[in-house]
Amino acid sequence: LPHGAYVTNNKIELKKDDELKENDEHSIEWDVDKSAELTLGGNKTFAAKDDVPEQFEFQLIDENGAVLDTQETNNGAFTFKQLTYDAEGTHTYTIKEVAGNTAGMTYDSAEYDVTVTVEQDPETKKLTASVTSVTKYENGRTDAEGNAIAGAVIYNSSGSEFENIGISFTNYFSKVEVPLHVNKLLTGTADKLANHTFSFELKLTKIDDAEQTGPTYTGTATTGVDGKATVTFTGNGMTNNTLTFTKAGTYTYELYEKVE
């Protein structure tokens with residue numbers, strides 16, 4: 001810089017008591033950041049009657065299949081790390097949920113292709129990045145035979161923030177609880193009916209047409225003075241004498257008393 005000159009907010013200024021000499025010429029150059037930045041994300045809705053403390057995982061994937069970022073949320077909005085662009089061009093990203101393994105949970109299988117266009121201002125050379133289209137694949141990209149499924153364009157404009165481009169995922173949690181009512185009756189001499197303990201087993205043997213080897217639940221019952229008793233089952237997560245189902249199907253069990 002010439003004597004007495006300094007830079008403030010990218011402007012050259014002179015101190016009050018200093019002047020440039022006549023015909024004094026100076027060439028000054030400095031770098032100005034002209035890159036563009038953009039943040040992508042989406043929204044998660046979790047529909048459940050029960051409080052299921054699960055964090056759902058989402059991925060931002062580039063056109064080469066590389067995972068750029070992973071974010072988690074239980075419910076509500078999620079935001080990926082900021083994307084930075086240093087040149088004009090068009091970029092396509094995929095946003096999808098990573099399915100977990102919680103029993104009874106239906107994970108959203110939708111995938112979204114997001115197109116980002118980066119343009120440069122011809123005068124300032126400043127780059128701007130904006131979402132120009134979003135294509136949704138509701139249930140994957142291929143059918144049962146492996147044929148490609150066309151996605152539905154749900155957004156086609158520019159300059160939008162991610163909250164407005166329709167990227168949303170909905171998960172459902174459902175279960176059915178079936179209480180067990182199993183009773184034991186002991187007959188015989190009235191004064192000898194009380195305080196007899198019996199053991200039982202309840203075993204899952206089939207789901208629809210598929211053979212199963214369990215789980216097995218252990219039951220116990222202790223008779224009262226009338227010889228009657230209610231069987232209480234425990235083990236393998238059984239609570240309150242209730243079977244819990246998180247998938248549709250026909251379940252077959254074997255129930256038998258154990259001979260001690």
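Worth knowing before you read on, the calculation uses all heavy atoms, side chains too, and leaves out hydrogens, waters and symmetry mates.
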How long is the straight-line distance from [atom2] of [Y] back to [atom1] of [X], given to the nearest 0.5 Å?
X    : Y    : atom1 : atom2 : result
E257 : E201 : CD    : CD    : 11.5 Å
N43  : I167 : CG    : CD1   : 10.5 Å
H181 : N183 : NE2   : CG    : 9.0 Å
K184 : T220 : NZ    : OG1   : 13.0 Å
S133 : Y112 : OG    : OH    : 14.0 Å
T218 : N236 : OG1   : CG    : 8.0 Å

Where do [X] and [Y] come nearest, in terms of heavy atoms and distance?
X    : Y    : value
F80  : G41  : CD1-CA, 3.9 Å
L127 : A87  : CD1-N, 3.4 Å
T90  : E63  : O-OE1, 4.3 Å
A36  : A129 : CB-N, 3.8 Å

Can you find a pair of side-chain heavy atoms, one from [X] and one from [Y], that are under 4.5 Å apart?
X    : Y    : result
V118 : T128 : no
S130 : T132 : yes
L243 : M238 : yes
F173 : N171 : no
T92  : V116 : no
T230 : V182 : no

Is there a donor-acceptor pair closer than 3.5 Å between any side-chain N or O of [X] and the backbone N or O of [Y]?
X    : Y    : value
T205 : E254 : no
D208 : T250 : yes
Y107 : T102 : yes
T124 : K126 : yes
D226 : K228 : yes
E88  : Q120 : yes
K81  : L68  : yes
D108 : T170 : yes
N241 : V231 : yes

What about the rings of F46 and F56, do their centers lie closer together than 6.0 Å?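 Yes, ring centres under 6.0 Å apart.
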Apply side chain to side chain donor-acceptor pair (under 3.5 Å) to the pair T222 and T197, showing each step before the final yes or no. CA-CA 4 Å; T222 301; T197 299; 2.9 Å; yes
What's the verdict on side-chain contact (heavy atoms from CB on, under 4.5 Å) for I149 and R141, showing C-alpha distance, side-chain angles and the deciding distance? CA-CA 5 Å; I149 299 175; R141 298 171 184 267; 5.8 Å; no
In sequence, state the C-alpha distance, the side-chain angles, and the governing distance for L38 and V131, and then conclude on side-chain contact (heavy atoms from CB on, under 4.5 Å). CA-CA 9 Å; L38 185 68; V131 174; 4.1 Å; yes
Please verify the inter-ring angle class for Y93 with H91; under 30° counts as parallel, over 60° as perpendicular, anything in between as tilted.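 Parallel, since the angle between the ring planes stays under 30°.
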Parallel, tilted or perpendicular, judged at 30° and 60°: which one describes the rings of Y217 and Y253?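 Rings of Y217 and Y253: tilted, as their planes differ by 30° to 60°.
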Salt-bridge test for E138 and K136: reply yes if a basic N is under 4.0 Å from a carboxylate O, no otherwise.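 A salt bridge links E138 with K136.
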Charged N to carboxylate O below 4.0 Å: is that the case for K96 and D113?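 Looking at K96 and D113, the cut-off is not met.
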Start with the C-alpha gap between N240 and E177, add the side-chain angles, then the distance that decides, and say whether side chain to side chain donor-acceptor pair (under 3.5 Å) holds. CA-CA 10 Å; N240 301 320; E177 295 182 337; over 6 Å; no
Derivation of the side-chain contact (heavy atoms from CB on, under 4.5 Å) call for D69 and V67: CA-CA 6 Å; D69 191 25; V67 178; over 6 Å; no
Any chain of hydrophobic side-chain contacts (each under 4.5 Å) joining [X] to [Y]?
X    : Y    : answer
Y137 : I154 : no
Y85  : I61  : no
L255 : L185 : no

Flag if over 12 foreign heavy atoms under 6.0 Å of CG, D143: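 Buried by this count: over 12 neighbours within 6.0 Å.
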Show the numbers, then the answer: is there a side-chain contact (heavy atoms from CB on, under 4.5 Å) between Q59 and V98? CA-CA 7 Å; Q59 291 181 336; V98 180; 3.5 Å; yes
With a distance cut-off below 6.0 Å to the six-membered ring centre and an angular limit of 45° from the axis, does K44 pair with F169 as a cation-pi contact?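 No - K44 does not lie over the ring of F169 by the 6.0 Å and 45° rule.
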